[in-house]
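Taking it in order: structure first as structure tokens, then the write-up.
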Number of protein chains: 2
Amino acid sequence: MISVAAALQAVLNTTQEFGVEQIPFLKSGGRVLKEAIYADRDFPPFHRVSMDGISIDYTAFKKGQRSFRIAGTQAAGSARLVLQDPKNCLEVMTGSVLPDNTNTVIRYEDITIKNGIAIVHVDSLQKGQNIHEKGKDRKVGDLLIAKNTKIAAAEIGVLATVGKSFVNVAKQPKIMIVSTGDELVDVGKIPQEHQIRRSNVFTLVSLLEKLNIASETAHLTDDKPILKSKIKIYLQEYDVLLFSGAVSKGKFDFLPEVFDELGVEKLFHKVAQRPGKPFWFGSTKNRDLVAKQPNNKCTIVFGFPGNPISTFVNCLAYFYPWYYNSVGMKVEQETAILSSAISFKPDLTYFLQVKLSTRFGHLVATPVLGNGSGDLASMIHADAFIQLPQGQTEFEEGAVFPVIRYR
Amino acid sequence: MISVAAALQAVLNTTQEFGVEQIPFLKSGGRVLKEAIYADRDFPPFHRVSMDGISIDYTAFKKGQRSFRIAGTQAAGSARLVLQDPKNCLEVMTGSVLPDNTNTVIRYEDITIKNGIAIVHVDSLQKGQNIHEKGKDRKVGDLLIAKNTKIAAAEIGVLATVGKSFVNVAKQPKIMIVSTGDELVDVGKIPQEHQIRRSNVFTLVSLLEKLNIASETAHLTDDKPILKSKIKIYLQEYDVLLFSGAVSKGKFDFLPEVFDELGVEKLFHKVAQRPGKPFWFGSTKNRDLVAKQPNNKCTIVFGFPGNPISTFVNCLAYFYPWYYNSVGMKVEQETAILSSAISFKPDLTYFLQVKLSTRFGHLVATPVLGNGSGDLASMIHADAFIQLPQGQTEFEEGAVFPVIRYR
């Protein structure tokens, strides 16, 4: 049995890249950018008028002139006009180009227009006011978005601005989620007394959806030859297999043997944690299988224990960091403050369900006590796990620990 | 000009429901549940074995018996067996039904099996150990998920468990996002000197996607008759119209007039905030138009100012709360601690871009200073807006204010 830290390190050591694909920019939300985005022109690309009003030559105003004949209108989206006579002005609109031979914009609030003449009410102006200078925000060639940024609304806007109709993003791993256990029936069925409905695979589908990964699901019966023949195919066709169940000590917990016989190297089995202890993790080393993978990649196998909360927390604590690392995404570790003392005797890392809230800028984690790893319904009232370290039994109110959010 | 609080209240007063639709449970992630979910049976539904091992009648052990003949195996997913002779035992697997006439499970770690006989190594057992009692987590009929819960992975698992293949969720509003401004060209085009590419509508599409709302987009030229005829149709066909631009004082800022002429009642125009001050907000009152809406609903019109950050922050500060309220979702207001002092002289609420991080359980907001409301690229380095209140000019390091996240 290894520690949570050692298990996480072993998982991260199997990080792999899945290549790059080009997709329409508007479909790229939530994906990881695999190219740097540079300014294609200065921003703003021209001296941009930033207030509706009139544009003048400041020298005229400085000399005492206060009324200006309006010689025309510079609309946003029209080519640059020229102020021919420096004693006149041009009406200008927010977003328009600053007309030539003008250098100062006076907003409508500070003028009165009558019979084509604008009369200025203010006694002082700043030369260059209400003009957003060309290149002030960014210069052509400036880095706007770094490679490996997770794309969200702000990035979508910038991609549009620089004309990136298509964008290079990290390809997602191809993932199969497999449930085992003869007690499981489909969601649409009425279970007999000794049966329950399949749920873990759907929880996993939803957790992967949060990462924008579309996954497939399958159910296999607790029959060793069937498991072996199906998993052999999955190892060839998928980058990652996520299993729920059949990794403990039961007579029908065939997965560890099947993985071994199919050449999946066990990297660890059992982690000093609760819930989720019987977690099995490995990677294909079988050269025949590897040869069939594109780019000779290995298939990574996460064998999560079958209890709902065990599967849930292990997906968050191990698969998520593996994925972030594989696509090159940096994710900051959050910490929270325990709202009440917790006592936990076993010499294990304890992933405790908590409800997070911010109080005066403090992130507070309130324990949500369920009935153990089978009590999925208790997860409804929580939104994160707080990670209480091994080798300690008393955790004080106000102490700070890492948290993993799932909402 | 009204305050941010008054503007938000006016927006929330137009909250409306869009009805309920039934969708497959696995497609319901991110949606708002519109029915209460109850336990369809006890959880666990039977006395559930929670360790792999053997199951015995505790009385035999108490009388001193330490070796038990294995009379059979109770697998998970098999109908309940009966222990015929209380001096024997049955092998039992995690997840299986507890066999009749047994009441205590001894895990494999505490026994040795030889020639069909299990020998117990431990001297004390607890009657009922390693059994997850029927109904211990939840009783049939218990409320598992309250109405108006936002569905995420935990809810997906619970919906599967209780057999809700289809689930009632809040219908999403039908939304059209309209850009105006003759300076705008398509993302795929090379702009002339005085032009820029359309970006705000795509930022809005992405912000709505975060709420699982699929929206439509259009671009209208700054031509009053065209604006009027198109918007008349949109008012009939959509629940919400989001505009970007043409709501300020410019000669071609026709939208307020057009809205008025089409019978959209102005609820406010201009809010005491930066950025985003020229925000126009209204709702249809025209009975002819209302009559054409399903359920006689009004169409809500958000006229956001055209600067990228103005549009962005107003979508988060007004449209998001309006949406949450409309679908019945409760969202907690987060607060964060300002990492450095900020001075802001205008008598306006200041929505300042910040980068959030947690340090020892404290949510710290570090200002990201851009070049004003046109500098979209500065949003890449931030992930939230901190809301600094009107009527105050100095904001101290360490002070706590509300934040609105956008990542």
Side-chain angles (χ1 to χ4, degrees), chain A residues 26 29 46 52 75-77 79-80 93-95 97 108 132 136-138 144-145 152-154 156-158 160-161 163 165 181-183 187-188 193-194 197 199 202-203 206-207 209 248-250 252 308 332 334-337 357-358 360-363 371 374-377 379-380 400 406-407, chain B residues 26 29 46 52 75-77 79-80 93-95 97 108 132 136-138 144-145 152-154 156-158 160-161 163 165 181-183 187-188 193-194 197 199 202-203 206-207 209 248-250 252 308 332 334-337 357-358 360-363 371 374-377 379-380 400 406-407:
Chain A
L26 202 46
F46 44 80
D52 304 308
R80 187 156 17 115
M93 302 302 137
T94 302
V97 178
Y108 281 131
H132 194 174
K136 196 186 171 208
D137 297 348
R138 312 287 148 173
L144 299 184
I145 316 179
I156 295 282
V158 171
T161 301
S165 307
D182 287 351
E183 73 275 29
V187 175
E193 188 224 9
H194 53 277
R197 295 191 184 88
S199 66
F202 305 117
T203 305
S206 182
L207 287 174
E209 210 174 68
S248 196
K249 288 182 186 296
F252 309 103
E332 203 197 330
E334 278 189 291
T335 50
I337 302 163
S357 55
T358 58
F360 306 107
H362 293 58
L363 193 57
N371 287 318
D375 187 13
L376 181 61
M379 302 277 294
I380 302 296
V400 174
Y406 61 83
R407 291 187 197 276
Chain B
L26 202 47
F46 44 79
D52 304 308
R80 187 155 18 114
M93 301 303 137
T94 302
V97 178
Y108 280 132
H132 194 174
K136 196 185 172 209
D137 296 347
R138 312 285 148 172
L144 299 184
I145 316 178
I156 295 282
V158 170
T161 301
S165 308
D182 286 352
E183 73 276 28
V187 175
E193 188 224 10
H194 54 276
R197 295 191 185 88
S199 66
F202 305 117
T203 305
S206 183
L207 287 175
E209 210 175 69
S248 196
K249 289 182 185 296
F252 311 103
E332 205 196 327
E334 278 190 291
T335 52
I337 303 163
S357 55
T358 58
F360 306 107
H362 293 58
L363 193 58
N371 287 319
D375 187 13
L376 183 59
M379 302 277 295
I380 303 295
V400 174
Y406 59 84
R407 292 187 195 276

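Bear in mind the structure is a predicted one, so any value in this text is a computation, not a measurement. Per chain, numbering begins at 1; letters A, B, ... match sequence-line order.
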Exercise for the section: Give a yes or no answer on whether the side chain of A:Ser199 reaches the backbone of B:Ala160 with a donor-acceptor pair at less than 3.5 Å. Expected result: no
Problem - Under 4.5 Å from a heavy atom of chain B, the part of A:Tyr108 involved - result: side chain
Exercise for the section: For each of A:Gly188, A:Ser165, A:Gly181, tally heavy-atom pairs with chain B at distances under 4.5 Å, and name the one with the top tally. Expected result: A:Ser165
Problem - Winner by heavy-atom pair count (cut-off under 4.5 Å) against chain B, out of A:Lys136, A:Glu334, A:Arg138, A:Met379 - result: A:Arg138
Exercise for the section: Against chain B, work out which of A:Ser206, A:Gly361, A:Ala336 has the most heavy-atom pairs shorter than 4.5 Å and name it. Expected result: A:Gly361
Practice task
Rounded to the nearest 0.5 Å, what's the gap from CG on A:Asp182 to CE on B:Met93? Could you check?
Solution key: 12.5 Å
Fill in the blank from the handout: Okay, A:Val187 and chain B: the region with an atom under 4.5 Å from a heavy atom over there is both
Problem - Top contributor to chain B contacts, counting heavy-atom pairs under 4.5 Å, from A:Gly95, A:Ala76, A:Gly29, A:Ser248 - result: A:Ala76
Completion exercise
Rounded to the nearest 0.5 angstrom, the CD1-CG distance for A:Ile156 and B:Leu376 is 11.0 Å
Practice task
Would you please name every residue forming a side chain to side chain contact (heavy atoms under 4.5 Å, CB included) with B:Arg407, sequence neighbours left out?
Solution key: A:Ala152, A:Ala154, A:Glu155, B:Asp383
Fill in the blank from the handout: Value for CD (A:Glu183) from OG1 (B:Thr94), rounded to nearest 0.5 Å, stands at 9.5 Å
Problem - Atom group of B:Glu332 that falls short of 4.5 Å from chain A, counting heavy atoms - result: side chain
Exercise for the section: Name the region of A:Glu209, side chain, backbone, both or neither, that has any atom closer than 4.5 Å to a heavy atom of chain B. Expected result: side chain
Completion exercise
Taken in chain and number order and not counting sequence neighbours, the residues that satisfy side chain to side chain contact (heavy atoms under 4.5 Å, CB included) with B:Asp137 are A:Asn371, A:Asp375, B:Phe43, B:Pro44, B:His132
